[in-house]
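Have a look at the structure below before the remarks.
For the single chain, residues carry numbers from 1 onward in sequence order. Model, not experiment: these values are computed from the prediction.
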Amino acid sequence: MNKILFSTIALLLTIAAMAQHPRIPASYNNLAFDANGKLYFENKGGKYFTEELTGPLTIEQFLGKAKGNENGVMMDFGTLKGTVTYGLIPYGKAPHPLPVYRKTLNIENGNVTFNIKDDFKYPYDFVDWKKNGYLNIGYRIANDQGMILFDGIVALKGEGPFEVTPAIYEGPFVNMVTDNSAVIWCRTTHPVKAEIEINGKVYKDEQEKTLHRWDIAGLAPHTKYSYKVSYGIQSQSYHLKTAPKKGSREAFVFGYSSDSRHATGGGERKILGANAYIMKKIAALAYMKDASFIQFTGDMINGYLSSKEQQRLEYYNWKKSIEPFWHYMPFYIGMGNHEALGFIFKDEKGKQQAFIDAFPYDTQSAEALFAEEFVNPENGPGGEDNNKYDPDPQNIDFPSYKENVYYYTYGNVAMIVLNSNYWYAPSIADQTATGGGLHGYLMDNQLLWLQQTLEKLEADTHIDHIFVTQHTPAFPNGGHSKDDMWYSGDNSKRPYIAGKPVEKGIIERRDEYLDLLINKSRKVVGMLTGDEHNYNWLKLTADMPIYPDNYPHKKLKVSRPVYQINNGAAGAPYYGQEVLPWSKHTQSFSVENALCLFYIEGKKITMKVFNPDTLNQIDEVELR
């Protein structure tokens, strides 16, 4: 009797546990949950479970649970071992306020105390905190190997005892600037009702919160506006400039780069996840050259993680590196392969057997986190559901394209941002049993949306030039010849959905994509790509070889030339040039760090390329 009862209880508990599992999308294959609720991948008789996470780093940990005391503030960083360097931030006294570091302390048992009274007494009180009654401390955390992990801010009021007050630890950022509107957003360390004043109007939060976003409307074209963000007892003031009036064809400059994951060399070149050294220089150079905006398409961070919160921390470090300049000009961001976030399945020896995009897609996928961390236009397609391969039309089986595929216009230029790492399964090129998206592949619904968007922009008389950007080159030149849109000439590579390969291989899909840019558009100037950590450009013409030997499929008709401009030189470890069918057409190959600046003057476009570290000019090309 007891055995029957225990078996029944065990069965009920198993059923209850299974009922709490997220639904496994029908687009995947060979995945299941065991009786303990752990996800596994089954292949050729083996079961491979998701990796165990052991203490992933988080932003919340590094915000430090700050507590004021008689002499300053005590920070609690949990179990962290390392050092903290700190100093005052001169808000209002410098256009790009950064901490002026004064002192470094060892973290003892996860704790550290900043002695404000002693460390910033006369003559070191250059922000007048005693007079104003408040101050902001910038602090930099490094681990016990010296790697920089986090740059934080703590705000205090009083002269002792000190009280912690809300601080803006991320932002304010300017985004989505048009000829009559803009979006400004920031995050605060504590919930607060913040507000922004611009153009004689005040936009207020309705309730206390930590994420603040204001949609600003009613602005005039091509006009500079000061704005002030107020939060608690403090405020910060910066400015932005609206886009030229539609149809005016006023001259402007914009910048492009990609690939800034952390590199060798230590220091700010290797802040956790990002090469903050080069990114800061890129942003400073773009600002100095009066760039109206920056397009940055992928591989901001190291990524390839299974921890959503640690990936969020890496995004934070990237944003922080360019924050002093993002106050003034917008950055538009696209996804790359290093933004991969998902389930990593390993064998008993810890060897990876598969890596897929995480689900539920609306909260756990790489695409969902990307949308949480950046503010981009929301005018892209919905996702890949309801395509001809959709295995379950009644349910969501693919992530959203929200904010990772979109377009925007500025003056007489349109920028179309694509995601060639959508639903990315890093293992799918070799391990197809799980299903997933392929690096470099533009899937059906995205390609249809691109066609429709190009048709719309072709008909827009205010638009003269269209740029299309995706992370992966159509024609790799150094570092990614074994993948991107080439795969060493192997057209068999493609996504797998519900255990089945899609119809078109990678080279066929590349050609369908290029056909839209070349033969269905007269306005497309070219592609802005990255992934390969170098700068180069080529002009695709009818005489450029682009196929492997004995290629059996329909070949692309190149009716007019388009450019591929690759700039993956924003600080990631460099890749040298390879010999490929189109190498003779590849121009200006360089492994210097690079920022491409596009000078738009009516119907004319000139590209100038600079090394942001040394400020030398690398290249100059007249595109139109």
Side-chain angles (χ1 to χ4, degrees), residues 62-75 83-105 112-141 150-174 184 186-198 202 204-205 210 212 224-240 280 284 287 320-328:
F62 292 142
L63 289 179
K65 301 177 183 176
K67 293 183 179 179
N69 57 34
E70 180 63 34
N71 294 314
V73 60
M74 192 271 283
M75 311 289 286
T83 61
V84 175
T85 301
Y86 60 99
L88 297 170
I89 304 176
Y91 289 125
K93 294 180 177 291
H96 309 290
L98 289 166
V100 180
Y101 293 121
R102 170 150 168 73
K103 195 167 185 178
T104 298
L105 299 174
V112 68
T113 297
F114 304 154
N115 190 323
I116 305 302
K117 283 185 176 180
D118 287 346
D119 294 338
F120 303 109
K121 62 187 178 182
Y122 177 83
Y124 297 103
D125 176 15
F126 66 94
V127 299
D128 299 323
W129 65 265
K130 283 196 171 184
K131 176 182 176 182
N132 296 328
Y134 63 83
L135 72 157
N136 296 273
I137 296 291
Y139 59 91
R140 169 165 287 182
I141 301 173
F150 185 80
D151 284 337
I153 296 174
V154 58
L156 304 170
K157 69 177 181 179
E159 297 183 34
F162 293 88
E163 180 183 341
V164 176
T165 63
I168 293 179
Y169 75 93
E170 190 172 81
F173 298 128
V174 172
I184 299 174
C186 64
R187 285 190 170 101
T188 51
T189 54
H190 299 77
V192 64
K193 282 187 179 181
E195 65 182 44
I196 185 169
E197 183 179 354
I198 183 172
V202 177
K204 296 183 178 182
D205 290 341
T210 56
H212 314 269
K224 181 178 176 180
Y225 289 95
S226 296
Y227 68 88
K228 182 172 75 171
V229 175
S230 300
Y231 52 104
I233 62 172
Q234 293 202 61
S235 66
Q236 296 181 34
S237 295
Y238 305 103
H239 64 256
L240 61 85
K280 187 183 296 180
Y287 183 85
K320 201 70 179 175
S321 69
I322 55 178
E323 180 186 81
F325 306 94
W326 203 341
H327 298 322
Y328 302 95

Task: For E195, salt bridge (charged side-chain N to carboxylate O under 4.0 Å, His left out) partners two or more places apart - done: none
- [ ] For the pair W326 (side chain) and V174 (backbone), establish whether a donor and an acceptor sit closer than 3.5 Å, ignoring hydrogens and angles.
- [x] yes
Open item on the list: For the backbone of G171 and the side chain of E323, can you confirm whether one donor and one acceptor N or O come within less than 3.5 Å of each other?
Closed with: yes
TODO: Flag the pair Y124 / L88 as yes when at least one side-chain heavy-atom distance between them is below 4.5 Å, and no otherwise.
DONE: no
Open item on the list: Using salt bridge (charged side-chain N to carboxylate O under 4.0 Å, His left out), reason through K320 and D151 one step at a time and then give a plain yes or no.
Closed with: CA-CA 7 Å; K320 201 70 179 175; D151 284 337; over 6 Å; no
Open item on the list: Are more than 12 heavy atoms, taken from residues, nucleotides or ligands other than K117, located less than 6.0 Å from that residue's NZ atom?
Closed with: yes
TODO: Supply the atom-to-atom distance I198 CD1 to I184 CD1, rounded to the nearest 0.5 angstrom.
DONE: 4.5 Å
Open item on the list: Testing the basics here: between P97 and I89, what is the closest heavy-atom pair and its distance to 0.1 Å?
Closed with: CB-CG2, 4.1 Å
Open item on the list: Let's go through V164 and H190 carefully: what are the C-alpha distance in whole Å and the side-chain angles of both, what is the deciding distance for side chain to side chain contact (heavy atoms under 4.5 Å, CB included) to 0.1 Å, and is it a yes or a no?
Closed with: CA-CA 10 Å; V164 176; H190 299 77; 3.6 Å; yes
Open item on the list: So Q236 and I168, do their side chains get closer than 4.5 Å, heavy atoms only?
Closed with: yes
TODO: With rounding to the nearest 0.5 Å, note down the distance linking OH in Y227 to NE2 in H239.
DONE: 9.0 Å
Task: Separation between NZ of K157 and CD of E163, rounded to the nearest 0.5 Å - done: 4.0 Å
Open item on the list: On a heavy-atom basis, which atom in T113 and which in L105 lie closest, and how many Å separate them?
Closed with: O-CD1, 3.2 Å
Task: Side-chain H-bond candidate by donor/acceptor type, S235 with S230, under 3.5 Å - done: no
TODO: Look up atom CZ in F173 and atom CZ in R187, then write down how far apart they are to the nearest 0.5 Å.
DONE: 8.5 Å
Task: Electrostatic pair D119-K103, nearest N-O below 4.0 angstrom - done: yes
Open item on the list: With rounding to the nearest 0.5 angstrom, report the CD1 to OG1 distance, I153 to T188.
Closed with: 11.5 Å
Task: Considering all heavy atoms, the nearest P172-Y238 contact - done: CG-CE1, 3.8 Å
Open item on the list: So does A194 get a backbone contact from the side chain of D205, meaning a donor-acceptor N/O pair under 3.5 Å?
Closed with: yes
- [ ] Decide side chain to side chain contact (heavy atoms under 4.5 Å, CB included) for T165 and L156; before the verdict, give the C-alpha distance in whole Å, the side-chain angles of both, and the deciding distance to 0.1 Å.
- [x] CA-CA 5 Å; T165 63; L156 304 170; 5.8 Å; no
Open item on the list: ring pair (Phe, Tyr, Trp, His ring centres under 6.0 Å), that's the test. Do Y287 and H96 meet it? Break it down for me.
Closed with: CA-CA 11 Å; Y287 183 85; H96 309 290; 4.7 Å; yes
Task: E70 CD to E159 CD distance, which is reported to the nearest 0.5 Å - done: 11.0 Å
- [ ] State, with a plain yes or no, whether a side-chain heavy atom of H212 is found less than 4.5 Å away from one of I196.
- [x] no
Open item on the list: Is it the case that the side chain of Y328 and the backbone of P95 share a donor-acceptor pair, with hydrogens and angles ignored and the cut-off at 3.5 Å?
Closed with: yes
Task: Minimal non-hydrogen separation, P324 against S321, with atom names - done: CD-O, 4.2 Å
Run the side-chain donor-acceptor check on residues 128-138: report pairs under 3.5 Å with partners two or more places apart or on a different chain.
unit_1	atom_1	unit_2	atom_2	d
W129	NE1	F120	O	3.0
N132	ND2	V127	O	3.2
N132	ND2	D128	O	3.2
N136	OD1	Q234	NE2	3.1
N136	ND2	Q234	OE1	2.7

Task: Least distance between heavy atoms, V84 atom then Y139 atom - done: CG1-CB, 3.8 Å
Open item on the list: Give me the atom names and distance for the closest heavy-atom approach of V192 to G232.
Closed with: CG2-N, 3.6 Å
Task: Any L63 side-chain heavy atom under 4.5 Å of F150 side chain - done: yes
